[in-house]
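Here it is: the structure, laid out below.
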Amino acid sequence: MSEKPIRVRFAPSPTGDLHVGGARTALFNWLFARRHGGDFILRIEDTDQKRLVGQSIAGILESLSWLGLTWDEGPGVEGLHAPYFQSERLERYREHVDRLVREGAAYACFCSPERLTELREAQMARGVPPGYDRYCRSLTVEQIGELRAQGITPVIRFKMPDSGTTTVVDALRGEISYENRLLEDTVLMKSDGFPTYHLANVVDDHLMGISHVMRGEEWIPSAPLHLQLYRAFGWEPPALVHLPLILNPNGKGKLSKRQGAVGVLEYKQSGYVPEALINYLALVGWSYDHQREIFSVGDLIELFSLERVSPSPARFSFEKLAWMNQYYINHILTLDDVSRRCVPYLQAAGLVTEAAGEPDSAEFSYVRDVIALVKDRLKVLTEVAELTAFFFTEGTEDYEVASLVPRKTTPEVVLNALERARDSLGEADFDNEADLEERLRGLAEELGLKAGQLFMPIRVAVTGRTVSPGLFETLRVLGKDRSLVRLETAAGKLRNSTT
RNA sequence: GCCCCCAUCGUCUAGAGGCCUAGGACACCACCCUUUCAAGGUGGAGAUCGCGGGUUCGAAUCCCGCUGGGGGUACCA
């Protein structure tokens, strides 16, 4: 047992947005590093020029930052092993692959893509497993010279042993054995001078001193190749941990965007809080005990362990994540915190000004009073504008007159009730909820109405909607002036419609 | 086709031979609370632990086979 320092890495390929599956992999690596006082390295695997999506790097960095998954080395944090973009490390791969060729562990292959395709099709037609036939393995020096003279740039293939077995030790599953003769002579270096994943990954993991490779289960089949590469280089391989796959909610296939939002930034934009996403993601593939499932990031760092990571695939549940998000907003985050996070959405809707962003401004203080009333009803932060608009604007009167009139009442009864309510509230102390409640309950009784029959019209008059926070707290926060104006407006609408 | 992985309520899971008449959570249903909607509280329904063989005094837990699901099979990662 060597005492290598703990160093893990998250190595996304910038071909699109960071999706929750990738985020889960990043999270587990990050937790493992933080748990053991190790390093978490971010490395960008941009070796596929064709699939590269320029802006996706910025998106990946933003996603990780939003989730709080900070890296100790990587883009923007140049460490001992910089650069952290594989496209800037091309000489290293070249040197290493040359060494393999020199030592007879790899060879140049001049086969054209056309020949490869024909070969594959012929094999399929014959019902034989498709794969490279190792034609170029036995090329003579003269033949190689000739082909090079023709201007053909070869790829470099790994010379896989054709007998024996390669045993992969996966931390979650134990030993997995492969017969070498069924393994292929995989391409290590492409003809455009870029390495394939396999080469770049092995070289960098070694050069960067990675102790544990934690990646998705889809990599298990290429693990024997990687192990053979480590052996060919004479390096000690890192510990391998293949994390269980995340499946679509219906269990059909790897999680894909077909069935819902999978981009981390999509969740950010739709009003999810990062703490909830982290907590949910931690639970896909990992669990703590038979009952606890709410964990702060600190808890996770303290409690995370590979022993409790499951090897079996899990389906992604949008419902559970939504519940978790609401739970965090309702029960975990403080009022101040939620208020602060809501401000940008209120600003975007034009409901509050720049000043509301200042924690000690009067405007923020009002925002907080408002948020206090809706905090328990927020599922996502983005809902806040819709839910609280009436606290910030005067445009509340475009509701249907009919919604002022509850079942088993008449417009006349409601009109009278609203006028009486207006008169009574005109004398009320709006800072005192109990006073408001006492007056309105008394009024209901006096008018022979059920509480709801009086409260609903007032609610609609004051908020413009049939669903709102509690009536008395709403009146309190809204204040006397605005409340009375809105009651009068409602009364006016009723007068117009009854005559 | 070939190689590989996985297998407990609809879903995520606890369970590392007797504590399991299988526990928790989401979703679902009912009731309570109640001025609406949430939140909250209480209760309910829901798993013969995929199937079949073993091993054992005893198996959800160990072994084998089958079935099912998933992954891989590119000059993608």
Side-chain angles (χ1 to χ4, degrees), chain A residues 11-15 45-48 50-51 109 111-113 116-117 120 123-124 126-132 153-157 168 170 172-173 176-179 182-184 186-192 194-198 200-201 215-224 242 244-245 247 249-254 280 283-294 307 310-317 319-324 326-327 330-331 374-379 387 406 437 440-441 444 450-456 458-460 463 465-472:
Chain A
S13 183
T15 52
E45 308 219 323
D46 52 349
T47 55
D48 186 352
K50 291 182 286 293
R51 293 204 312 157
C109 168
C111 293
S112 66
L116 263 18
T117 310
R120 200 186 330 281
Q123 287 165 328
M124 302 276 250
R126 273 186 294 142
V128 188
Y132 182 56
T153 311
V155 301
I156 306 297
R157 287 182 184 273
V168 175
D170 177 80
L172 270 31
R173 292 160 253 264
I176 305 171
S177 292
Y178 291 83
E179 286 192 61
L182 298 174
L183 268 21
E184 292 218 55
T186 312
V187 172
L188 262 23
M189 184 65 83
K190 301 181 248 184
S191 57
D192 65 358
F194 278 76
T196 58
Y197 168 86
H198 309 290
N201 201 260
R215 72 230 297 194
E217 187 185 332
E218 68 268 30
W219 292 106
I220 291 180
S222 45
H242 292 96
L245 247 26
L247 273 21
N250 66 3
K252 293 279 170 219
K254 285 197 283 183
Y280 176 73
L283 259 14
V284 4
W286 176 85
S287 63
Y288 180 62
D289 63 12
H290 62 107
Q291 55 176 44
R292 183 169 173 201
E293 57 179 8
I294 296 297
E307 288 72 51
S310 156
S312 52
R315 302 183 192 196
F316 194 82
S317 169
E319 287 79 24
K320 183 105 186 210
L321 171 56
W323 169 80
M324 187 81 77
Q326 177 167 35
Y327 189 85
N330 293 185
H331 303 291
V374 298
K375 188 167 173 285
D376 282 354
R377 294 150 225 259
L378 281 179
K379 288 184 162 57
L387 246 37
E437 179 161 6
L440 293 181
R441 285 199 189 280
K450 286 185 191 165
Q453 292 176 317
L454 174 63
F455 295 173
M456 187 51 85
I458 298 178
R459 176 191 319 284
V460 172
T463 69
R465 14 190 327 157
T466 53
V467 173
S468 82
L471 184 55
F472 312 117

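In what follows, every chain begins at residue 1, and chains take the letters A, B, ... in the order their sequences are listed.
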Exercise for the section: Sticking with atom C1', work out how far B:C12 lies from B:A47, rounded to a whole angstrom. Expected result: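 Between the two C1' atoms, the distance is 14 Å.
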When you compare the protein's N or O atoms with those of nucleotides 10-13 of chain B, which come within less than 3.5 Å of each other, and at what distance?
| residue | atom | partner | partner atom | Å |
| --- | --- | --- | --- | --- |
| B:C12 | OP1 | A:R315 | N | 3.4 |
| B:U13 | O3' | A:S287 | OG | 3.3 |

Completion exercise
Whether each nucleotide of nucleotides 71-77 of chain B has a protein heavy atom under 4.0 Å at its base (B), only at its sugar-phosphate (S) or at neither (-) is summarised, 5' to 3', as BSSSBBB
Practice task
Could you say whether A:R377 or A:P311 is positioned toward the 5' end of RNA chain B, judged by the nucleotide with the nearest heavy atom to each?
Solution key: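 Whichever sits nearer the 5' end wins; that is A:P311.
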Practice task
Please assess A:L321 against A:F316 for the test side-chain contact (heavy atoms from CB on, under 4.5 Å), listing each intermediate value before the final yes or no.
Solution key: CA-CA 9 Å; A:L321 171 56; A:F316 194 82; 3.9 Å; yes
Write down the protein N/O and nucleotide N/O pairs, taken from nucleotides 40-47 of chain B, whose separation is under 3.5 Å; answer none if there are no such pairs.
| residue | atom | partner | partner atom | Å |
| --- | --- | --- | --- | --- |
| B:G40 | OP1 | A:H331 | NE2 | 3.3 |

Exercise for the section: Answer yes or no: is there a donor N or O on one side and an acceptor on the other, between the side chain of A:R459 and the main chain of A:P469, under 3.5 Å? Expected result: yes
Exercise for the section: Return the value, rounded to whole Å, for the distance between atom CG of A:L182 and atom C1' of B:G1. Expected result: 13 Å
Practice task
With heavy atoms under 4.0 Å as the rule, sort A:E437 into base, sugar-phosphate or nothing.
Solution key: nothing
Problem - B:A30 versus B:C66 - spacing of their P atoms, nearest Å - result: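 One P to the other, the span is 47 Å.
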Handout entry: Verdict with reasoning, A:I294 to A:M324, per side-chain contact (heavy atoms from CB on, under 4.5 Å)
Key = CA-CA 9 Å; A:I294 296 297; A:M324 187 81 77; 3.6 Å; yes
Problem - Closest listed nucleotide, where the reference is the side chain of A:Q291 and the choices are B:C5, B:G24, B:A38 - result: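 Closest of the options to the side chain of A:Q291: B:G24.
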Handout entry: Length of the line joining A:R465:CZ and B:A38:C1', which is rounded to integer Å
Key =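 Rounded to the whole Å, the gap is 12 Å.
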Practice task
Using the C1' atom as the reference point in each nucleotide, state the distance between B:U73 and B:A27 in Å, no decimals.
Solution key: 38 Å
Completion exercise
Checking N1-N3 plus N6-O4 or O6-N4 for Watson-Crick, or N1-O2 and O6-N3 for wobble, each under 3.5 Å, the partner of B:C19 is none
Exercise for the section: Would you mind classifying the nucleic acid contact of A:I176 as base, sugar-phosphate or nothing, using non-hydrogen atoms under 4.0 angstrom? Expected result: sugar-phosphate
Exercise for the section: Sticking with atom C1', work out how far B:G52 lies from B:G24, rounded to a whole angstrom. Expected result: 31 Å
Problem - B:A38 and B:C32, which share atom name P, separated by this distance in whole Å - result: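 B:C32 and B:A38 have their P atoms separated by 16 Å.
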